Colleague: 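Got a structure here, written out as structure tokens. Questions coming.
Treat the numbers as computed from the prediction; the structure is a model and nothing was measured. Keep in mind that the numbers below use all heavy atoms, side chains included, and drop hydrogens, waters and symmetry copies. By convention here, the first residue in the shown sequence is residue 1.
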Amino acid sequence: MPAAVECRDLRKTYDGKVEAVRGLSLAIQPGECFGLLGPNGAGKTTTIEILEGLLEPTGGEVSILGRSWKANARELREYIGISLQETRLSEKLTVRETIELFASFYTQPRSTEEVLSALQLNEKADALVGKLSGGQKQRLAVATALVASPKVLFLDEPTTGLDPQSRRQLWDIIRAFQRKSGTVLLTTHYMDEAERLCDRLAIVDHGQIIAEGTPADLIERLGGHHVVEFALSGNGHLDNATWQSLPSVDSVRNEDGVICLNVREPHRTIPALLERVDQHSAQLERLNTRQASLEDVFVNLTGRHLREE
């Protein structure tokens, strides 16, 4: 079965010198939810806009459902749904009118009532768009993408700025689309969202994929399954080598005075850590342990947190 979304050696250069995308290749399988993670300026938005047919690449090949934008543009627009990070809709139209407007763009759209129900917008059907809450507006934006009965759904930061309840409602909508064999390409700044929704994901930095796999595989690749975080007072200015030599420690990083150890067996690391602290006449200000996460993977690979911008 061909990939639902595929690009090979994708490149985009602006003004002949700024390389936004540098030889990026990926393949997303039908029915898969694939996440694209990266800081601002990493090239992920440029990549998605090329895949959506909104931007012409400088080089490389793009295939959506086995078709190309050059030869099958009109056909492909019937097969994809797009929800941008900031979808600006007419605030003077009602929710129902907005969905009907977008439905008119396609030859075989879903019924307006079906979309209203799927997006939990029935009660707001006759409300003006300008009167909706942030979460309702975001659901409406996704509704305009789903009304086409797409096979591939592109979602750019779909839950940015939403409250936890609205985020989970959108997660349910994405899962329901995927259960019907829909393919999803998702960008997000929320690592918990990527871990919960994505079957696979790629981390993009400086226009290239620097890591790809399932969330579990990427966390496994980090080296440690657990993170031990601590801060010291007193004579606590010790270099990373002091902690790297502790048993079961795979890697060390210092984040503004908080030492983070990626470890495999915290029950071996923590007693040795306490002994080392005592040897250097330091005092613990804090100490906690947790499971390693995608956030740790991202920091180890890029040296910064995804939401630092």
Side-chain angles (χ1 to χ4, degrees), residues 1-7 10 24-38 42-54 62-67 69 76-87 102 106 109-110 114-115 118-121 135 138-160 162 166-204 209 211-218 294 306:
M1 183 179 295
V5 178
E6 186 174 13
C7 63
L10 197 63
L24 188 147
S25 299
L26 60 83
I28 303 171
Q29 301 307 313
E32 188 173 37
C33 182
F34 192 94
L36 207 57
L37 307 182
K44 65 182 187 300
T45 297
T46 299
T47 298
I48 284 185
E49 288 183 350
I50 293 173
L51 296 176
E52 293 169 340
L54 301 177
V62 173
S63 173
I64 309 292
L65 301 169
R67 299 163 177 81
W69 281 109
L76 282 179
R77 289 191 179 97
E78 293 282 345
Y79 292 156
I80 69 171
I82 300 173
S83 179
L84 304 175
Q85 185 173 352
E86 292 186 21
T87 302
F102 276 80
Y106 303 98
R110 297 170 68 180
E114 180 186 355
V115 174
L119 277 295
Q120 302 171 33
L121 289 168
Q138 197 70 339
R139 292 208 305 277
L140 178 57
V142 175
T144 63
L146 290 178
V147 74
S149 296
K151 296 180 180 180
V152 180
L153 185 61
F154 293 93
L155 300 173
D156 192 4
E157 306 284 355
T159 64
T160 296
L162 298 187
S166 296
R167 286 180 69 203
R168 285 176 173 78
Q169 286 176 333
L170 270 179
W171 291 356
D172 291 340
I173 291 163
I174 293 168
R175 290 190 185 103
F177 174 77
Q178 194 183 2
R179 282 196 297 270
K180 295 181 179 179
S181 301
T183 304
V184 181
L185 177 56
L186 169 81
T187 71
T188 180
H189 271 95
Y190 300 110
M191 288 299 187
D192 63 327
E193 187 164 273
E195 287 190 55
R196 287 171 182 255
L197 291 178
C198 297
D199 301 301
R200 287 190 305 129
L201 53 90
I203 296 175
V204 179
I209 292 176
E212 183 178 352
T214 68
D217 286 343
L218 289 174
L294 279 178
L306 187 57

Colleague: Atom SG of Cys33 and atom CZ of Arg196: how far apart are they, to the nearest 0.5 Å?
Modeller: 13.5 Å
Colleague: Treating Ser166 as the side-chain partner and Leu162 as the backbone partner, does any N or O pair qualify as donor plus acceptor under 3.5 Å?
Modeller: no
Colleague: If we only count heavy atoms from C-beta on, is the Ile209 to Ile203 side-chain gap below 4.5 Å?
Modeller: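 With C-beta onward as the side chain, the pair stays apart.
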Colleague: Heavy-atom distance under 4.5 Å between the side chains of Ile50 and Trp69, does that happen here?
Modeller: no
Colleague: Measure across Ser149 and Pro109 and return the closest heavy-atom pair with its distance rounded to 0.1 Å.
Modeller: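 Minimum heavy-atom separation between Ser149 and Pro109: OG-C, 4.1 Å.
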Colleague: What pairs with Ser25 under side-chain hydrogen bond (donor to acceptor under 3.5 Å, both in side chains), at least two apart in sequence or on another chain?
Modeller: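 Expected list: none.
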Colleague: What verdict does the side chain to side chain contact (heavy atoms under 4.5 Å, CB included) test give for Leu185 and Val152, after you've listed the backbone C-alpha separation in whole Å, the side-chain angles of each residue and the deciding distance to 0.1 Å?
Modeller: CA-CA 8 Å; Leu185 177 56; Val152 180; 5.6 Å; no
Colleague: Which pair of non-hydrogen atoms, one from Ile80 and one from Ala148, has the smallest distance, and what is that distance?
Modeller: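 Taking every non-hydrogen atom into account, O-CB, 4.5 Å.
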Colleague: What distance separates Leu201 CG from Glu32 CD, expressed to the nearest 0.5 Å?
Modeller: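 With rounding to 0.5 Å, CG (Leu201) is 10.0 Å from CD (Glu32).
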Colleague: Would you call Leu121 and Arg139 a side-chain contact if the rule is heavy atoms closer than 4.5 Å?
Modeller: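 With C-beta onward as the side chain, the pair touches.
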Colleague: So, do Leu186 and Cys198 sit near enough that their side-chain heavy atoms are less than 4.5 Å apart?
Modeller: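 Leu186 reaches Cys198 side chain to side chain.
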Colleague: Which heavy atom of Glu52 sits nearest a heavy atom of Ile82, and at what distance?
Modeller: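 Scanning both residues completely, I find the closest heavy atoms to be OE2-CG2, 3.4 Å.
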Colleague: Check Gly81 against Pro150 and note the closest heavy-atom contact, atom names and distance.
Modeller: N-CB, 3.4 Å
Colleague: Does any N or O in the side chain of Gln138 come within less than 3.5 Å of the main-chain N or O of Pro158, such that one atom is a donor and the other an acceptor?
Modeller: yes
Colleague: When you measure from the side chain of Arg67 to the backbone N and O of Leu65, does any donor-acceptor pair fall under 3.5 Å?
Modeller: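 Checked: pair present.
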Colleague: Between Thr187 (side chain only) and Glu157 (backbone N and O only), is there a donor and an acceptor less than 3.5 Å apart?
Modeller: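 Yes, because the side chain of Thr187 sits within donor-acceptor range (under 3.5 Å) of the backbone of Glu157.
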Colleague: Say whether, by atom type as modelled, one donor and one acceptor occur between the side chain of Thr188 and the main chain of Ala194 under 3.5 angstrom.
Modeller: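 No, Thr188 side chain to Ala194 backbone: no donor-acceptor pair under 3.5 Å.
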Colleague: Test Thr159 against Tyr190 for side chain to side chain contact (heavy atoms under 4.5 Å, CB included), laying out the working first.
Modeller: CA-CA 9 Å; Thr159 64; Tyr190 300 110; 3.5 Å; yes
Colleague: If we only count heavy atoms from C-beta on, is the Val142 to Ile174 side-chain gap below 4.5 Å?
Modeller: no
Colleague: Enter the distance from Phe154:CZ to Leu84:CG here, rounded to the nearest 0.5 Å.
Modeller: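 The CG atom of Leu84 is 11.5 Å from CZ of Phe154, to the nearest 0.5 Å.
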Colleague: Could you check whether any side-chain heavy atom of Arg77 comes within less than 4.5 Å of a side-chain heavy atom of Tyr106, counting everything from C-beta outward?
Modeller: no
Colleague: Any heavy-atom pair between the side chains of Leu26 and Leu36 that's under 4.5 Å?
Modeller: yes
Colleague: Please report the interatomic distance CZ(Phe177) to CG(Leu153), rounded to the nearest 0.5 Å.
Modeller: 5.0 Å
Colleague: Does Asp172 pair with Arg179 as a salt bridge, N-O distance under 4.0 Å?
Modeller: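 Looking at Arg179 together with Asp172, the answer is no, because their closest N to O distance does not fall below 4.0 Å.
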Colleague: Just verifying a value: how many Å separate Leu37 CG and Lys44 NZ, rounded to the nearest 0.5 Å?
Modeller: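 Those atoms lie 8.5 Å apart.
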Colleague: About how many Å separate CG of Leu218 and CG of Leu294, when rounded to the nearest 0.5 Å?
Modeller: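 So the CG of Leu294 and the CG of Leu218 are separated by 6.5 Å.
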Colleague: Are any non-hydrogen side-chain atoms of Arg167 and Asp192 less than 4.5 angstrom apart?
Modeller: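 With C-beta onward as the side chain, the pair touches.
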Colleague: Mind listing the closest non-hydrogen atom pair of Gln178 and Leu197 along with its distance?
Modeller: OE1-O, 4.4 Å
Colleague: Would you sort out whether Gln29 and Phe34 count as a side chain to side chain contact (heavy atoms under 4.5 Å, CB included), showing the intermediate values?
Modeller: CA-CA 9 Å; Gln29 301 307 313; Phe34 192 94; over 6 Å; no
Colleague: Given side chain to side chain contact (heavy atoms under 4.5 Å, CB included), test Thr46 with Ile48 step by step and report yes or no.
Modeller: CA-CA 6 Å; Thr46 299; Ile48 284 185; over 6 Å; no
